[in-house]
Undergrad: 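Okay, here's the structure, questions in a sec.
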Amino acid sequence: MKIDVQSHQKQWIMQFENEKQKILSILGDEVIEIHHIGSTSVPGLKAKPIIDILPVVQDINKIDHFNEAMANIGYKALGENGITGRRFFKKGENPRTHHVHAFQQENHYEINRHLAVRDYLRTNVAVAHAYGELKVALAHQFPYDIEGYCDGKDAFVKRLESQALEWYLK
């Protein structure tokens with residue numbers, strides 16, 4: 001699948017809000033709050049058109065009981081998928097449209113990490129612009145190589161996360 005980095009689209013916010021309601025209707029009282037995260041949540045930031053959603057939940061283990069209901073609205077459950085304490089779901093294959101990253105409310109590090117990057121990029125337009133331009137360049141360099149694309153972003157993202165967390169936790 002070709003890597004598609006686009007200019008920011010206003011409909012991404014509406015797509016998040018629509019999906020948020022569907023997820024709330026399934027997870028119900030387990031949900032404490034739901035955040036739009038990732039590049040599509042940052043106005044003006046170029047991004048792959050995949051909406052990242054972060055539900056903060058009361059008990060992460062109970063989320064496994066909702067896998068079938070999530071499948072009924074198009075999500076595939078992938079368990080922790082590389083991050084301890086997360087429940088990860090993806091929607092769509094070609095194209096992928098949504099990711100859900102659920103974390104238990106006590107998992108402050110992971111929740112703060114995602115919110116810090118989002119808020120830092122919303123506040124620091126020059127950093128967001130540089131990140132967007134890097135993504136465009138990498139999508140041109142690695143149009144069908146998601147590993148090459150991600151590897152190319154790795155150092156920038158690690159530095160961004162560190163700066164964002166320091167800024168966010170002040």
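Only heavy atoms go into these numbers, but all of them, side chains included; no hydrogens, no water, no symmetry mates. All of these numbers come straight from a predicted model, not from anything done at the bench.
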Undergrad: Is it true that Gln6 and Asp4 share a donor-acceptor pair across their side chains at a distance under 3.5 Å?
TA: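 Note: Asp4 and Gln6 side chains meet the donor-acceptor criterion.
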Undergrad: I need the Asp154 CG to Glu147 CD distance, nearest 0.5 Å.
TA: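 Result: 12.0 Å between the selected atoms.
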Undergrad: What is the distance from atom CD1 of Ile51 to atom CH2 of Trp12, rounded to the nearest 0.5 Å?
TA: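 That separation rounds to 7.0 Å.
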Undergrad: Is the count of non-hydrogen atoms from other residues, nucleotides or ligands lying under 6.0 Å from Asn61 atom CG greater than 12?
TA: yes
Undergrad: Checking the side chain of Arg87 only, and the main-chain atoms of Leu78 only, is there a donor and an acceptor separated by less than 3.5 Å?
TA: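 No; zero donor-acceptor contacts below 3.5 Å.
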Undergrad: Is there side-chain contact between Ile63 and Leu27, with heavy atoms separated by less than 4.5 Å?
TA: yes
Undergrad: Once rounded to the nearest 0.5 Å, what's the spacing between atom CG of Asn112 and atom CZ of Phe103?
TA: 11.0 Å
Undergrad: Quick check: Tyr120 with Tyr168 (ring centres under 6.0 Å apart)?
TA: no
Undergrad: Looking only at heavy atoms, what is the nearest atom pair of Gln58 and Glu106, with distance?
TA: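 Taking Gln58 first and Glu106 second, the nearest heavy atoms are O-OE1, 4.3 Å.
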Undergrad: Within the distance-only criterion (no hydrogens, no angle test), does the side chain of Gln163 pair as donor or acceptor with the backbone N or O of Glu161 below 3.5 angstrom?
TA: no
Undergrad: Do Val56 and Ile34 make a side-chain contact, defined as non-hydrogen atoms from C-beta onward lying under 4.5 Å apart?
TA: no
Undergrad: Just wondering, more than 12 heavy atoms not from Glu166 lying within 6.0 Å of its CD?
TA: no
Undergrad: Would you find a donor on one side and an acceptor on the other, under 3.5 Å apart, between the side chain of Gln104 and the backbone of Gly85?
TA: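 Here the side-chain-to-backbone pair does not exist.
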Undergrad: Hey, mind stepping through Lys91 and Glu19 against salt bridge (charged side-chain N to carboxylate O under 4.0 Å, His left out) and telling me if it holds?
TA: CA-CA 11 Å; Lys91 185 175 191 177; Glu19 213 63 20; 2.7 Å; yes
Undergrad: Give a yes/no verdict on a cation-pi contact between Lys135 and Tyr131, requiring under 6.0 Å between NZ or CZ and the six-membered ring centre and an angle within 45° of the axis.
TA: yes
Undergrad: Using side-chain heavy atoms (C-beta onward) and a distance below 4.5 Å, is Pro49 in contact with Thr40?
TA: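 No, side chains not in contact.
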Undergrad: What about Val100 and Ile83, same hydrophobic cluster or not, with Ile/Leu/Val/Met/Phe/Trp/Tyr joined at side-chain heavy-atom distances under 4.5 Å?
TA: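 As far as the 4.5 Å side-chain criterion goes, Ile83 and Val100 are not connected within one cluster.
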Undergrad: Got Phe142 and Asp151 here, is their nearest side-chain heavy-atom distance under 4.5 Å?
TA: no
Undergrad: Do you know the tightest heavy-atom contact between Phe88 and Asn81?
TA: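 Nearest pair, atom of Phe88 first, then Asn81: CD2-ND2, 3.3 Å.
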Undergrad: Restricting to non-hydrogen atoms, name the atom on Phe156 and the atom on Val127 that form the minimum distance, rounded to 0.1 Å.
TA: CZ-O, 4.0 Å
Undergrad: Grouping I, L, V, M, F, W and Y whenever their side-chain heavy atoms are under 4.5 Å apart, do Val42 and Trp167 come out in a common cluster?
TA: yes
Undergrad: Measuring from Ile146:CD1 to Ile3:CD1, what's the distance to the nearest 0.5 Å?
TA: 4.0 Å
Undergrad: Would you please test Phe16 and Gln21 for side-chain contact (heavy atoms from CB on, under 4.5 Å) and show each step?
TA: CA-CA 9 Å; Phe16 162 74; Gln21 293 310 314; over 6 Å; no
Undergrad: Is there a continuous path of hydrophobic side-chain contacts, each under 4.5 Å between heavy atoms, that joins Tyr75 to Val31?
TA: yes
Undergrad: Closer than 3.5 angstrom, by distance alone: can the side chain of Arg118 be matched with the main-chain N or O of His36 as a donor-acceptor pair?
TA: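 The answer is yes, because a donor-acceptor pair under 3.5 Å joins these two groups.
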Undergrad: What about Ile53 and Val57, same hydrophobic cluster or not, with Ile/Leu/Val/Met/Phe/Trp/Tyr joined at side-chain heavy-atom distances under 4.5 Å?
TA: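 In one cluster with Ile53: Val57, yes.
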Undergrad: What about Phe89 and His99, are their ring centers closer than 6.0 Å?
TA: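 No.
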Undergrad: Considering non-hydrogen atoms only, spot the tightest contact between Met1 and Pro95 and give its length.
TA: SD-CA, 4.0 Å
Undergrad: In Å and rounded to the nearest 0.5 Å, what is the CG to NE2 distance from Leu169 to His108?
TA: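 Between Leu169 CG and His108 NE2, I get 11.5 Å after rounding to 0.5 Å.
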Undergrad: Counting distance only, does the side-chain N/O of Ser162 pair as donor-acceptor with the main-chain N or O of Arg159 below 3.5 Å?
TA: no
Undergrad: I need the minimum non-hydrogen distance between Leu121 and Leu45, along with the two atoms involved.
TA: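 Looks like CD1-CD2, 4.0 Å.
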Undergrad: Any non-hydrogen side-chain atom of Leu160 less than 4.5 Å from a side-chain atom of Val117?
TA: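 Yes, at least one pair of side-chain atoms sits under 4.5 Å.
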Undergrad: Contact between Ile23 and Met70 at the side-chain level, heavy atoms closer than 4.5 Å - yes or no?
TA: yes
Undergrad: Using a strict threshold of under 4.0 Å (side-chain N to carboxylate O), is an ion pair present between Arg86 and Glu110?
TA: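 Result for this pair is no, no salt bridge flagged.
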Undergrad: For the side chain of Asn124 and the backbone of Ala126, is there at least one donor-acceptor N/O pair under 3.5 Å apart?
TA: no
Undergrad: State, to 0.1 Å, how close Arg96 and Ile50 come at their nearest heavy-atom pair, and which atoms those are.
TA: O-CG1, 3.5 Å
Undergrad: Quick check for you: to the nearest 0.5 Å, what is the distance between Arg122 atom CZ and Leu115 atom CG?
TA: 9.0 Å
Undergrad: Is the closest side-chain heavy-atom distance between Lys22 and Asn72 below 4.5 Å?
TA: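 A side-chain contact is absent here, since even the closest heavy-atom pair is not under 4.5 Å.
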Undergrad: For the hydrophobic clusters of this structure (ILVMFWY residues joined by side-chain heavy atoms under 4.5 Å, transitively), does one cluster hold both Ile60 and Phe66?
TA: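 Ile60 clusters together with Phe66.
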Undergrad: Do the ring centers of His114 and His101 come within less than 6.0 Å of each other?
TA: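 Yes: the rings meet the under 6.0 Å criterion.
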